[in-house]
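Residue numbers count from 1 along this sequence.
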Amino acid sequence: MKAYYYLFYKLYRFWENISIPKFMSDWKAELSIDVIEIFLGLSGIAYYTIVSKKWIDFGNNKYIIFIYILFIALPNYFIFHHKDKWKKIVHEFDKWPERKNKIGGNNSLDCNNAFYYQFDSLILSHESSKLETL
């Protein structure tokens with residue numbers, strides 16, 4: 001959970017640095033996390049359809065998308081904004097030394113990038129092997 005808080009903190013600091021005027025950075029950070037999670041879910045569905053060649057049909061039911069977004073946004077609201085928990089998170093990571101804060105951010109991003117690179121390579125190699133058999 002601490003990595004999730006750290007992601008929020010880094011996004012909060014990002015929005016604080018680039019926003020003029022500086023307001024609602026906590027909501028912007030949460031919205032950024034929501035969007036990342038939504039795209040990760042949609043990406044997972046896309047990879048599933050590629051690998052399994054089974055299409056997921058949602059039909060005309062637009063409520064599924066609404067429920068999916070609520071499924072992601074509501075827990076994030078209670079994690080970060082309910083009773084202003086985000087202030088405690090930001091205060092905790094602000095106490096870290098600057099060097100530790102920078103190293104923590106680079107290492108976590110490098111691990112995530114390495115994981116997604118390996119996953120993408122696995123999917124692409126699987127798809128290319130199917131093409132060679134044609």
Side-chain angles (χ1 to χ4, degrees):
M1 192 64 150
K2 195 164 190 166
Y4 200 60
Y5 290 160
Y6 190 70
L7 174 63
F8 175 83
Y9 172 75
K10 283 304 220 181
L11 288 169
Y12 174 82
R13 285 292 160 215
F14 168 76
W15 287 112
E16 279 288 302
N17 289 334
I18 68 163
S19 296
I20 300 175
K22 297 177 186 193
F23 69 97
M24 295 180 60
S25 296
D26 53 322
W27 287 100
K28 293 174 196 174
E30 184 196 339
L31 182 63
S32 300
I33 291 174
D34 292 345
V35 169
I36 290 169
E37 289 176 357
I38 288 168
F39 282 129
L40 280 174
L42 294 175
S43 170
I45 291 170
Y47 280 125
Y48 173 78
T49 58
I50 291 170
V51 171
S52 69
K53 293 192 178 183
K54 295 178 184 176
W55 296 97
I56 297 175
D57 184 21
F58 295 114
N60 292 332
N61 194 353
K62 296 177 183 169
Y63 295 111
I64 292 175
I65 296 170
F66 180 71
I67 291 169
Y68 175 66
I69 291 172
L70 277 179
F71 182 73
I72 289 172
L74 277 177
N76 283 338
Y77 169 78
F78 284 106
I79 290 171
F80 299 118
H81 292 289
H82 186 68
K83 297 182 181 178
D84 287 334
K85 292 178 187 173
W86 69 271
K87 291 179 182 178
K88 295 175 189 171
I89 294 168
V90 170
H91 181 68
E92 177 186 340
F93 288 112
D94 276 343
K95 290 191 293 187
W96 280 17
E98 185 177 345
R99 185 177 188 288
K100 180 179 178 183
N101 211 330
K102 285 183 181 180
I103 291 173
N106 291 337
N107 287 341
S108 63
L109 292 177
D110 290 341
C111 292
N112 288 337
N113 289 339
F115 170 76
Y116 290 117
Y117 176 77
Q118 290 297 325
F119 187 72
D120 286 344
S121 298
L122 176 68
I123 296 297
L124 291 175
S125 66
H126 179 70
E127 289 301 311
S128 65
S129 66
K130 285 182 180 179
L131 292 175
E132 290 173 2
T133 58
L134 298 177

| message | Side chains of Lys54 and Thr49, heavy atoms from C-beta outward: is any pair under 4.5 Å? | response | no
| Heavy atoms, side chains only, cut-off 4.5 Å: are Phe14 and Lys10 in contact? | no
| task | For the pair Lys2 and Glu92, find out whether any cationic side-chain nitrogen is under 4.0 Å from an anionic carboxylate oxygen. | result | yes
| said: Once rounded to the nearest 0.5 Å, what's the spacing between atom OH of Tyr9 and atom CD1 of Ile89? | reply: 12.0 Å
| request: May I ask you to decide if the ring planes of Tyr12 and Phe8 are parallel, tilted or perpendicular, using 30° and 60° as cut-offs? | output: parallel
| message | Quick check for you: to the nearest 0.5 Å, what is the distance between Ile45 atom CD1 and Leu40 atom CG? | response | 11.5 Å
| remark: In short, side chain to side chain donor-acceptor pair (under 3.5 Å) pairs touching residues 13-25 with sequence neighbours left out are Arg13-Asp94, Trp15-Ser32, Glu16-Ser25, Ser19-Lys28
For residues 70-77, please give each side-chain donor-acceptor pair under 3.5 Å, one per line with the distance, not counting sequence neighbours.
| from | atom 1 | to | atom 2 | distance (Å) |
| --- | --- | --- | --- | --- |
| Asn76 | OD1 | Tyr4 | OH | 2.4 |
| Asn76 | ND2 | Tyr4 | OH | 3.3 |
| Asn76 | ND2 | Asp34 | OD1 | 2.5 |
| Asn76 | ND2 | Glu37 | OE1 | 3.3 |
| Asn76 | ND2 | Ile72 | O | 3.4 |

| task | Heavy atoms only: give me the nearest Ile38-Tyr68 pair and the separation to one decimal. | result | O-OH, 3.3 Å
| Going only through I, L, V, M, F, W and Y residues with side-chain contacts under 4.5 Å, is there a path from Phe80 to Leu7? | yes
| query | Are Ile20 and Phe23 linked, directly or through other ILVMFWY residues, by side chains that come within less than 4.5 angstrom of each other? | reply | no
| task | Calculate, to the nearest 0.5 Å, the distance between atoms OH and OG belonging to Tyr48 and Ser52 respectively. | result | 4.0 Å
| field | Check: Trp86 ring centroid to Tyr5 ring centroid under 6.0 Å | value | no
| field | Distance (rounded to the nearest 0.5 Å) between Leu31 CG and Ile36 CD1 | value | 10.0 Å
| Any residue meeting side chain to side chain contact (heavy atoms under 4.5 Å, CB included) with Ile64, in chain and number order, not counting sequence neighbours | Phe58, Asn61
| field | Hphob cluster co-occupancy, Ile18 + Met24, side-chain heavy atoms under 4.5 angstrom | value | no
| task | Report yes if the side chains of Ile79 and Met1 come closer than 4.5 Å at any heavy-atom pair, otherwise no. | result | yes
